[in-house]
Amino acid sequence: MHKFHVAATASLAAASSAAPTVGSVLPRAIYVHLPFCRRRCFYCDFPIVAVGDRPGAADAAAERYCALLDRELAHSPDARPLTSVYFGGGTPSLTPPRLLHKLLRQLDEKHGLTQGCEVTLEMDPGTFDRTALDAFVAAGVTRVSLGVQSFDDALLEACGRVHRVHDAHGALELLLGHAQPLSVSLDLIGGLPHQTLETWQRSLDAAARSGAHHVSVYDLQIEPRTAFGRWFAPGSAPLPTEEVAADMVRAASATLGAAGFERYEVSNYAQAHHRSQHNSAYWRNEPFLALGMGATSHVGGVRLARPRKMKEYETWVDELERGGWEARTQAALASGDAVYEEGRDALTTALMLQLRTREGDPEGFLFSNDAIATVFARLDEHSPTSKEEEDVDLPS
């Protein structure tokens with residue numbers, strides 16, 4: 001029997017037995033989107049607001065935006081005390097620490113924060129100093145996700161990043177040397193223009209010896225509404241070929257595995273006791289709250305996406321205040337901005353997420369989203385008409 005069939009069957013059984021009744025479980029995690037960036041990177045399709053390089057340029061905009069978050073939070077659905085809070089962006093480290101502290105206090109007052117709640121802040125090298133870091137930690141940050149992306153200056157410039165390698169080293173020194181121990185993760189991107197196996201290996205080696213406790217390794221995705229989408233075609237020069245990109249994935253697994261990192265999800269590697277608790281809730285298909293422009297929540301079986309533009313998000317908050325959460329959810333379902341998952345769809349999502357993780361397959365055979373989507377398409381093509389199971393081979 002094909003290994004995927006064994007893995008999928010086991011994961012399907014686990015997903016089916018573990019799947020809660022829709023709406024029966026209250027969220028214990030929240031994602032908060034802080035959209036401000038100095039400028040948009042060439043690969044980025046996230047909902048952001050570019051504010052420029054001037055120090056403090058984001059402060060006034062962040063004041064107004066955090067007032068919107070406060071209004072949305074007041075009308076957010078119920079949750080259990082939160083075990084994880086994730087501030088993503090954007091570049092959340094551009095947010096004044098006092099505003100982050102206020103947001104955490106409001107979250108605690110509204111929903112409660114558990115003892116030991118994981119509070120993650122995405123930070124970019126060159127956007128904070130020791131004073132700012134001290135203030136973020138004092139506000140309650142326990143984990144930092146550092147957007148390094150590459151330890152090669154030429155590649156950083158080629159993808160429109162503002163920082164350089166010396167900024168990354170300086171940021172890591174601040175984070176790892178802080179008096180209050182932090183869980184430190186860093187991001188790397190493979191498949192960048194002009195990136196070779198050799199330059200990729202140097203970045204992997206630098207990450208492995210950096211002292212970081214967690215490394216997220218992402219394959220570059222060429223999105224149509226980005227600069228890279230206008231300039232490049234996937235698989236064509238100066239982007240690496242598909243074969244080289246696959247070799248990069250294998251190199252990451254080998255290098256980080258040899259350095260003591262566990263590959264617990266297809267793109268994520270952690271030292272002992274440093275898995276991302278927040279992202280693990282996503283992969284377990286648990287419900288989660290969300291706040292902010294472009295953020296997506298998963299509550300009561302409904303995945304609801306907020307508008308990606310600031311003006312539209314402001315209008316969305318106005319409508320939330322007038323009608324309440326249930327009315328806003330029904331309107332989003334009607335407009336296609338929300339999806340209600342039940343039955344086969346809910347089970348398929350749970351299975352896809354589980355197959356990305358080590359727990360989803362006891363033998364540790366991790367699948368990317370593209371591979372899983374291909375498999376499900378083949379399963380639909382070859383659906384058995386009897387109760388007898390059918391083995392489905394992966395496409396070559």
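Hydrogens, waters and symmetry mates play no part in the numbers below; they use all other heavy atoms, side chains included. Given the structure is predicted, the values throughout are model-derived calculations rather than measurements. All residue numbers in this chain count up from 1 along the given sequence.
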K.L.:
State, yes or no, whether a side-chain contact exists between Leu103 and Cys66 at a heavy-atom distance under 4.5 Å.
P.N.:
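Of all side-chain heavy-atom pairs linking Cys66 with Leu103, at least one is under 4.5 Å.
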K.L.:
About how many Å separate CG of Leu82 and SG of Cys117, when rounded to the nearest 0.5 Å?
P.N.:
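It comes to 6.0 Å.
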K.L.:
Between Gln201 and Leu197, is there a donor-acceptor pair closer than 3.5 Å when you use the side chain of the first and the backbone of the second?
P.N.:
no
K.L.:
Got a sec: does the CD of Glu223 have more than 12 other heavy atoms crowding it under 6.0 Å?
P.N.:
yes
K.L.:
Membership question, hydrophobic clusters at under 4.5 Å side-chain separation (ILVMFWY): are Leu107 and Trp325 in the same one?
P.N.:
yes
K.L.:
Among the clusters formed by ILVMFWY side chains lying less than 4.5 Å apart, do Val165 and Leu174 turn up in the same one?
P.N.:
yes
K.L.:
Would Phe128 and Leu175 count as a side-chain contact (heavy atoms from CB on, under 4.5 Å) here? Give the steps.
P.N.:
CA-CA 10 Å; Phe128 63 96; Leu175 294 168; 4.2 Å; yes
K.L.:
If you count every heavy atom of other residues, nucleotides or ligands that lies below 6.0 Å from Lys102 atom NZ, does the total exceed 12?
P.N.:
no
K.L.:
Please walk me through it: do Asp318 and Arg71 pass salt bridge (Lys or Arg N to Asp or Glu O under 4.0 Å)?
P.N.:
CA-CA 9 Å; Asp318 290 341; Arg71 291 167 57 196; 2.5 Å; yes
K.L.:
Can you get from Leu333 to Leu304 by hopping between Ile, Leu, Val, Met, Phe, Trp and Tyr side chains that sit under 4.5 Å apart?
P.N.:
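Linked, Leu333 and Leu304 end up in one cluster.
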K.L.:
Main chain of Arg250, side chain of Ser253: is a donor-acceptor contact present, judged purely on distance under 3.5 Å?
P.N.:
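Absent.
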K.L.:
Show the nearest heavy-atom pair for residues Tyr269 and Val249, with the distance to one decimal.
P.N.:
OH-O, 4.3 Å
K.L.:
Indicate whether any N or O donor in one side chain lies under 3.5 Å from an N or O acceptor in the other, for Glu265 and Asn279.
P.N.:
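No, Asn279 and Glu265 have no side-chain donor paired with an acceptor closer than 3.5 Å.
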K.L.:
Would you kindly confirm whether Ile222 and Leu188 end up in one hydrophobic cluster when ILVMFWY residues are joined by side chain heavy atoms under 4.5 Å apart?
P.N.:
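No, it is not one cluster - the side chains of Ile222 and Leu188 are not joined through contacts under 4.5 Å.
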K.L.:
What heavy-atom pair brings Leu146 and Ala168 nearest, and what distance separates the two atoms?
P.N.:
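What the structure gives for the nearest pair is CD2-O, 4.3 Å.
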K.L.:
What pair of heavy atoms forms the shortest contact from Leu156 to Val148, and how long is it?
P.N.:
CD2-O, 3.5 Å
K.L.:
Are Met352 and Thr348 side-chain neighbours, meaning at least one heavy-atom pair lies under 4.5 Å?
P.N.:
yes
K.L.:
Show the nearest heavy-atom pair for residues Cys37 and Ile48, with the distance to one decimal.
P.N.:
CB-CD1, 4.0 Å
K.L.:
As a quick check of understanding, evaluate side-chain contact (heavy atoms from CB on, under 4.5 Å) for Ser267 and Val217, giving each step before the final call.
P.N.:
CA-CA 5 Å; Ser267 299; Val217 178; 5.5 Å; no
K.L.:
Would you please say whether a donor-acceptor pair under 3.5 Å links the side chains of Ser335 and Asp337?
P.N.:
yes
K.L.:
Would the distance check show the side chain of Thr127 and the main-chain N or O of Met123 forming a donor-acceptor pair, the cut-off being under 3.5 Å?
P.N.:
no
K.L.:
Is Asp167 reaching over with its side chain to a backbone N or O of Arg164, donor-acceptor style, under 3.5 angstrom?
P.N.:
yes
K.L.:
To the nearest 0.5 Å, what is the distance between CZ on Phe261 and NE2 on His214?
P.N.:
9.0 Å
K.L.:
Are the side chains of Val85 and Thr120 in touch, meaning some heavy atoms are under 4.5 Å apart?
P.N.:
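Answer no - side chains too far apart.
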K.L.:
Looking at Glu242, I'd like to know if its CD atom is crowded, meaning that more than 12 non-hydrogen atoms belonging to other residues, nucleotides or ligands lie closer than 6.0 Å.
P.N.:
no
K.L.:
Is the shortest heavy-atom distance from the side chain of Val119 to the side chain of Phe87 under 4.5 Å?
P.N.:
yes
K.L.:
State plainly whether the residues Asp45 and Arg308 are in salt-bridge range, i.e. N to O under 4.0 Å.
P.N.:
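Yes, Asp45 and Arg308 are salt-bridged.
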K.L.:
Name each donor-acceptor pair under 3.5 Å that joins a side chain in residues 288-303 to protein atoms two or more places apart or in another chain, with its distance.
P.N.:
unit_1, atom_1, unit_2, atom_2, d
Ser297, OG, Arg306, NH1, 3.2
Ser297, OG, Arg306, NH2, 3.4
His298, ND1, Glu286, O, 3.4
Arg303, NE, Glu341, OE1, 3.2
Arg303, NE, Glu341, OE2, 3.3
Arg303, NH2, Asn285, OD1, 2.6

K.L.:
Between Asp134 and Thr131, is any pair of side-chain heavy atoms under 4.5 Å apart?
P.N.:
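Answer no - side chains too far apart.
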K.L.:
I need the Ser203 OG to Leu155 CG distance, nearest 0.5 Å.
P.N.:
7.0 Å
K.L.:
Report yes if the distance between the aromatic ring centroids of Tyr282 and Tyr31 is under 6.0 Å, otherwise no.
P.N.:
no
K.L.:
Treating Ile, Leu, Val, Met, Phe, Trp and Tyr as nodes and any side-chain heavy-atom pair under 4.5 angstrom as an edge, say whether Val32 and Leu121 lie in one connected cluster.
P.N.:
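Yes: a chain of side-chain contacts under 4.5 Å links Val32 to Leu121.
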K.L.:
Whether the side chain of Arg105 engages the backbone of Glu109 through a donor-acceptor N/O pair (distance < 3.5 Å, no angle test) should be reported.
P.N.:
no
K.L.:
Test your reading of the model: is there a side-chain donor-acceptor pair from Arg161 to the backbone of Ala158, 3.5 Å cut-off?
P.N.:
no
K.L.:
Determine whether more than 12 heavy atoms belonging to other residues, nucleotides or ligands lie under 6.0 Å from atom CZ of Phe46.
P.N.:
no
K.L.:
Does a side-chain heavy-atom distance below 4.5 Å link His111 with Pro81?
P.N.:
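Side chain of His111 against side chain of Pro81, heavy atoms only: no contact under 4.5 Å found.
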K.L.:
Take atom CD in Glu173; do more than 12 heavy atoms of anything else shown fall under 6.0 Å from it?
P.N.:
no
K.L.:
By side-chain contact (heavy atoms from CB on, under 4.5 Å), which residues pair with Arg28, not counting sequence neighbours?
P.N.:
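If we apply the side-chain contact (heavy atoms from CB on, under 4.5 Å) test to Arg28, skipping adjacent residues, the hits are Arg80, Thr83, Thr114.
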K.L.:
For Arg328 and Arg322, indicate whether the former's side chain and the latter's backbone hold a donor-acceptor pair under 3.5 Å.
P.N.:
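Flag not set: sc Arg328 to bb Arg322 has no pair under 3.5 Å.
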K.L.:
Would you sort out whether Leu192 and Phe42 count as a side-chain contact (heavy atoms from CB on, under 4.5 Å), showing the intermediate values?
P.N.:
CA-CA 11 Å; Leu192 294 170; Phe42 298 152; over 6 Å; no
K.L.:
For residues 158-210, which residue pairs pass the ring-ring contact (aromatic ring centres under 6.0 Å, His included) check, not counting sequence neighbours?
P.N.:
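Listed by first then second residue: Phe151-His169.
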K.L.:
Give the ring-plane orientation class for Tyr313 versus Tyr65, where under 30° counts as parallel, over 60° as perpendicular and anything between as tilted.
P.N.:
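Tyr313 vs Tyr65 ring planes: tilted.
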K.L.:
Measure across Leu26 and Asp78 and return the closest heavy-atom pair with its distance rounded to 0.1 Å.
P.N.:
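Smallest heavy-atom distance, with atoms named: CD2-O, 3.9 Å.
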K.L.:
For the NE2 atom of His274 and the NE2 atom of His213, what is their distance to the nearest 0.5 Å?
P.N.:
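Separation between the atoms: 4.5 Å.
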K.L.:
Using a distance-only test with no angle check, is there a side-chain donor-acceptor pair under 3.5 angstrom linking Glu122 and Ser93?
P.N.:
no
K.L.:
Using a 4.5 Å cut-off on heavy atoms from C-beta on, say whether the side chain of Arg130 contacts that of Leu133.
P.N.:
no
K.L.:
Give a yes or no on whether the backbone of Leu113 and the side-chain of Asp108 come within a donor-acceptor separation of less than 3.5 Å.
P.N.:
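Yes; judged by distance alone, with no hydrogens or angles, the pair exists.
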K.L.:
Do Pro307 and Lys309 come within less than 4.5 Å of each other through their side chains, counting heavy atoms only?
P.N.:
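No. Closest side-chain heavy atoms not under 4.5 Å.
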K.L.:
With salt bridge (Lys or Arg N to Asp or Glu O under 4.0 Å) as the test, would you mind laying out the steps for Glu63 and Arg98 before giving the verdict?
P.N.:
CA-CA 10 Å; Glu63 289 270 8; Arg98 59 183 174 78; 2.4 Å; yes
K.L.:
Rounded at 0.5 Å granularity, tell me how far SG in Cys159 sits from OH in Tyr43.
P.N.:
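Answer rounded to 0.5 Å: 5.5 Å.
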K.L.:
Any chance you could measure Arg275, atom CZ, to Ser183, atom OG, to the nearest 0.5 Å?
P.N.:
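OG of Ser183 is found 13.0 Å from CZ of Arg275.
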K.L.:
With no hydrogens and no angle check, just 3.5 Å: does a side-chain donor-acceptor pair link Asp152 and Thr199?
P.N.:
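No.
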K.L.:
If every non-hydrogen atom of Leu186 is compared with every non-hydrogen atom of Ala207, which pair is closest and at what distance?
P.N.:
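Where Leu186 meets Ala207 most closely, the heavy atoms are CD1-CB, 3.9 Å.
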K.L.:
Given 3.5 Å as the limit, does a donor-acceptor pair link the side chain of Glu72 with the main chain of Leu69, or not?
P.N.:
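Absent.
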